[in-house]
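So you know, we letter chains A, B, ... as the sequences are listed, proteins then strands, and number each from 1.
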Protein chains: 2
Amino acid sequence: MRTTTAPSAGFRLTPQRAEILRLLEGNTSHPSAEEIYRRVHRKFPGMSFATVYNTLQSLLGRGELLEIRIDPKRSRFDPFTPQHAHLMCVKCGAIADVRTPAELKPLGKPAGFKVLSCNVEFYGVCPACAGKTATKEAAKWQKRTQKRTRK
Amino acid sequence: MRTTTAPSAGFRLTPQRAEILRLLEGNTSHPSAEEIYRRVHRKFPGMSFATVYNTLQSLLGRGELLEIRIDPKRSRFDPFTPQHAHLMCVKCGAIADVRTPAELKPLGKPAGFKVLSCNVEFYGVCPACAGKTATKEAAKWQKRTQKRTRK
DNA sequence: TCTCTTGACAATAATCATTATAAACTGATA
DNA sequence: TATCAGTTTATAATGATTATTGTCAAGAGA
């Protein structure tokens, strides 16, 4: 996910897809398929769920999108594709991007097992959900998480 | 999961449950609910799927079992409860226990976000699935993974 | 232009893991 | 014996995702 201009080559940029791409562009809220559907559906009321899943599949296949499964309930999607970890609030489901100290290697790995990739997921409670106290941090966090742009 | 003798206190050790516990005891294969059902069902043909899920829920609630979601298709269960990471073969679905160098802390975490837990998952290809070459390691790995006991 | 091919679309239907519901059962205890 | 919590089976429901089908539009040749 870097561009809204046609990726071409077997990928036809239809109006529906353009809208999905626009929604995803720089989006840090890690939306689920359902959230994407809801938002795009407002502009294209005729659009079906299948179109969302198809488009997401296309993007995943082209490496322009990450599917993250930190949320036990459903897949969430992240247009920010460089390797990074995630942190999810177990109360409201908000997900933030985080990093890990260094590249991880498994210890005690069986000989001959070739490691291809690694997922790191943190769970916790975001400021907004930690009682009604930390109101200032909470607001900042919510804005950063529930909203769109990542510069 | 440390014992087959009654955990008591709101946990009734019925024959079905005893059988599930016996199957889980020291099991390193990280079985899914369906696998547990299949195996236990051989001994108790009348047993329903709900009983498996109920029992697993009980054990999870008592902290005697871990639910791991490294497998995108279904939950897998691990009676080895101390903190550790997992490594899954993307081809055959086998899962091994591994460790990570040190305790992880997220970098770039939003202020005020309290971290509660962490999951680390590795994906790769096990020796048995990496071509038909590494036969010796493969056999060892398969025995270690597909079979039961952890001493 | 005409036709062919290739995605894409909407509309369903199908799958599949998991959860929920309801009713019957069991054993311990009052 | 009556009660009661916890368990069980049977069954239905949920909910995310995938598959299927028929239609359509755009570009590539002929």
Span of DNA chain C, from the first to the last nucleotide whose atoms fall under 4.0 Å of chain A heavy atoms: C:dT6 to C:dA11

Side-chain touch B:I70/B:F122, heavy atoms, less than 4.5 angstrom: no

Side chains of A:D97 and A:H30, donor plus acceptor under 3.5 Å: yes

Sugar-phosphate, base or nothing in reach of A:S48, heavy atoms under 4.0 Å: base

Test side-chain hydrogen bond (donor to acceptor under 3.5 Å, both in side chains) applied to A:E35 - qualifying residues, sequence neighbours left out: none

Touch class at under 4.0 angstrom, heavy-atom based, for A:N54 against every strand present: nothing

Partners passing side-chain hydrogen bond (donor to acceptor under 3.5 Å, both in side chains) against A:S75 (at least two apart in sequence or in another chain): A:E67

First and last nucleotide of DNA chain D, 5' to 3', lying under 4.0 Å from heavy atoms of chain B: D:dA5 to D:dA10

Non-hydrogen side-chain atoms of B:V115 and B:P106 separated by less than 4.5 Å: yes

Side-chain heavy-atom pair B:L23, B:K43 within 4.5 angstrom cut-off: no

Sugar-phosphate only, base, or nothing, as touched by A:E34 at under 4.0 Å among non-hydrogen atoms: nothing

Touch class at under 4.0 angstrom, heavy-atom based, for A:S75 against every strand present: sugar-phosphate

Spatial distance of atom CG (A:L24) from atom CG (A:N27) [nearest 0.5 Å]: 6.0 Å

Using residues 52-60 of chain B as the side-chain source, report each donor-acceptor pair under 3.5 Å to any protein atom, sequence neighbours left out, with the distance given to one decimal.
from  : atom 1 : to    : atom 2 : distance (Å)
B:N54 : ND2    : B:A50 : O      : 3.3
B:T55 : OG1    : B:T51 : O      : 2.8
B:S58 : OG     : B:N54 : O      : 3.4

Non-hydrogen side-chain atoms of A:E121 and B:E121 separated by less than 4.5 Å: yes

Which residue lies more 5' along DNA chain D, comparing A:R76 with B:T55 via nearest heavy atoms: B:T55

Pair B:R22 + B:E25: basic N to acidic O under 4.0 Å: no

A:T100 OG1 to B:L107 CG distance, which is reported to the nearest 0.5 Å: 7.0 Å

Degree of bending in the helix from C:dT1-D:dA30 to C:dA30-D:dT1 once both end axes are built from five pairs, to 10°: 0°

